[in-house]
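The residues of the chain are indexed from 1 along the displayed sequence. No experiment lies behind these values; they were computed from the predicted model shown.
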Amino acid sequence: MQNFSLTSHAIDEVLSAADENIDVQIDLFDGRKFAATFFTLRNLKHLLEKFRTTGECANGTYVWAADMIVVESIDEETIRKTVASLIETGEIEFACTELTSSGRYD
């Protein structure tokens with residue numbers, strides 16, 4: 001049994017698991033909550049190309065996001081496996097932002 005639950009309003013709307021990003025709230029059963037944004041490598045490349053035309057991020061020179069976690073695929077199994085590993089290693093405290101009890105960033 002996993003010691004967490006995931007909340008995302010868009011996981012059912014993912015069009016391409018290989019080219020996507022998604023915001024996820026991670027609720028640990030000890031009461032702590034964390035926020036993360038999962039990206040695929042293909043999505044990062046897509047964003048760089050897009051920013052070259054829009055002028056964002058120094059014309060596509062870089063991409064950044066708070067709480068960015070890069071995965072091979074945006075699907076529930078991959079995200080659950082990633083989160084379980086982050087919890088097990090203690091890296092969740094560094095890779096994600098802890099939310100207050102109201103669900104807001106500290």
Side-chain angles (χ1 to χ4, degrees):
M1 182 175 147
Q2 294 182 322
N3 54 350
F4 64 89
S5 64
L6 302 175
T7 305
S8 177
H9 299 292
I11 197 137
D12 295 331
E13 299 171 15
V14 170
L15 299 176
S16 171
D19 182 4
E20 191 68 73
N21 64 71
I22 189 169
D23 295 320
V24 176
Q25 180 173 311
I26 304 159
D27 298 313
L28 304 186
F29 290 164
D30 68 5
R32 294 181 296 156
K33 298 175 186 298
F34 292 88
T37 303
F38 290 83
F39 290 80
T40 62
L41 285 172
R42 187 179 296 169
N43 184 248
L44 292 173
K45 182 178 179 183
H46 172 87
L47 290 172
L48 286 169
E49 292 168 358
K50 174 184 169 188
F51 295 162
R52 283 187 195 104
T53 61
T54 66
E56 296 171 80
C57 297
N59 294 313
T61 303
Y62 66 91
V63 174
W64 77 273
D67 311 311
M68 179 188 290
I69 298 174
V70 180
V71 292
E72 289 188 22
S73 177
I74 300 293
D75 60 74
E76 190 169 351
E77 180 181 351
T78 299
I79 292 172
R80 285 192 173 281
K81 185 176 180 179
T82 302
V83 170
S85 177
L86 291 169
I87 293 168
E88 182 180 320
T89 62
E91 293 174 326
I92 193 163
E93 307 223 3
F94 304 103
C96 305
T97 296
E98 189 166 359
L99 304 173
T100 64
S101 59
S102 66
R104 298 184 180 192
Y105 290 97
D106 281 335

Side-chain donor or acceptor of T82 paired with backbone N/O of T78 under 3.5 Å: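 Looks like yes, one N/O pair under 3.5 Å.
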
T37 and V24: CA distance, side-chain angles, deciding distance, side-chain contact (heavy atoms from CB on, under 4.5 Å) verdict: CA-CA 6 Å; T37 303; V24 176; over 6 Å; no

ILVMFWY cluster, [X] and [Y] together (side-chain gap under 4.5 Å):
X: V71; Y: I92; result: yes
X: L28; Y: I69; result: yes
X: V63; Y: L41; result: yes
X: V70; Y: I79; result: no

Pair R52-L48, side-chain contact (heavy atoms from CB on, under 4.5 Å): steps then yes or no: CA-CA 6 Å; R52 283 187 195 104; L48 286 169; 4.2 Å; yes

Over 12 foreign heavy atoms within 6.0 Å of CD, E88: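 No, not enclosed.
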
Search all heavy atoms of [X] against all heavy atoms of [Y] and return the closest pair with its distance.
X: A18; Y: T40; value: O-OG1, 2.8 Å
X: S5; Y: F29; value: N-CE2, 4.1 Å
X: T100; Y: K33; value: O-CD, 4.4 Å
X: I26; Y: A36; value: CD1-CB, 4.4 Å

By salt bridge (Lys or Arg N to Asp or Glu O under 4.0 Å) - contacts of E56 (at least two apart):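 Scan of E56 (salt bridge (Lys or Arg N to Asp or Glu O under 4.0 Å), adjacent residues dropped) gives none.
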
Test: E72 and K81 ion pair at under 4.0 Å: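 Salt bridge: no.
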
From [X] [atom1] over to [Y] [atom2], what is the distance, rounded to the nearest 0.5 angstrom?
X: N43; Y: F38; atom1: CG; atom2: CZ; value: 13.5 Å
X: N21; Y: D19; atom1: CG; atom2: CG; value: 9.0 Å
X: S73; Y: R42; atom1: OG; atom2: CZ; value: 10.0 Å

Side-chain donor-acceptor contact under 3.5 Å, T97 with D67: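 Distance-only check passes for T97 and D67.
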
Residue of the set I87, L86, D30, D27 for which side chain to side chain contact (heavy atoms under 4.5 Å, CB included) holds with F4: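 It is I87, the one option of I87, L86, D30, D27 that forms the side chain to side chain contact (heavy atoms under 4.5 Å, CB included) with F4.
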
Side-chain heavy atoms of Q2 within contact of V83, under 4.5 Å: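 Not in contact.
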
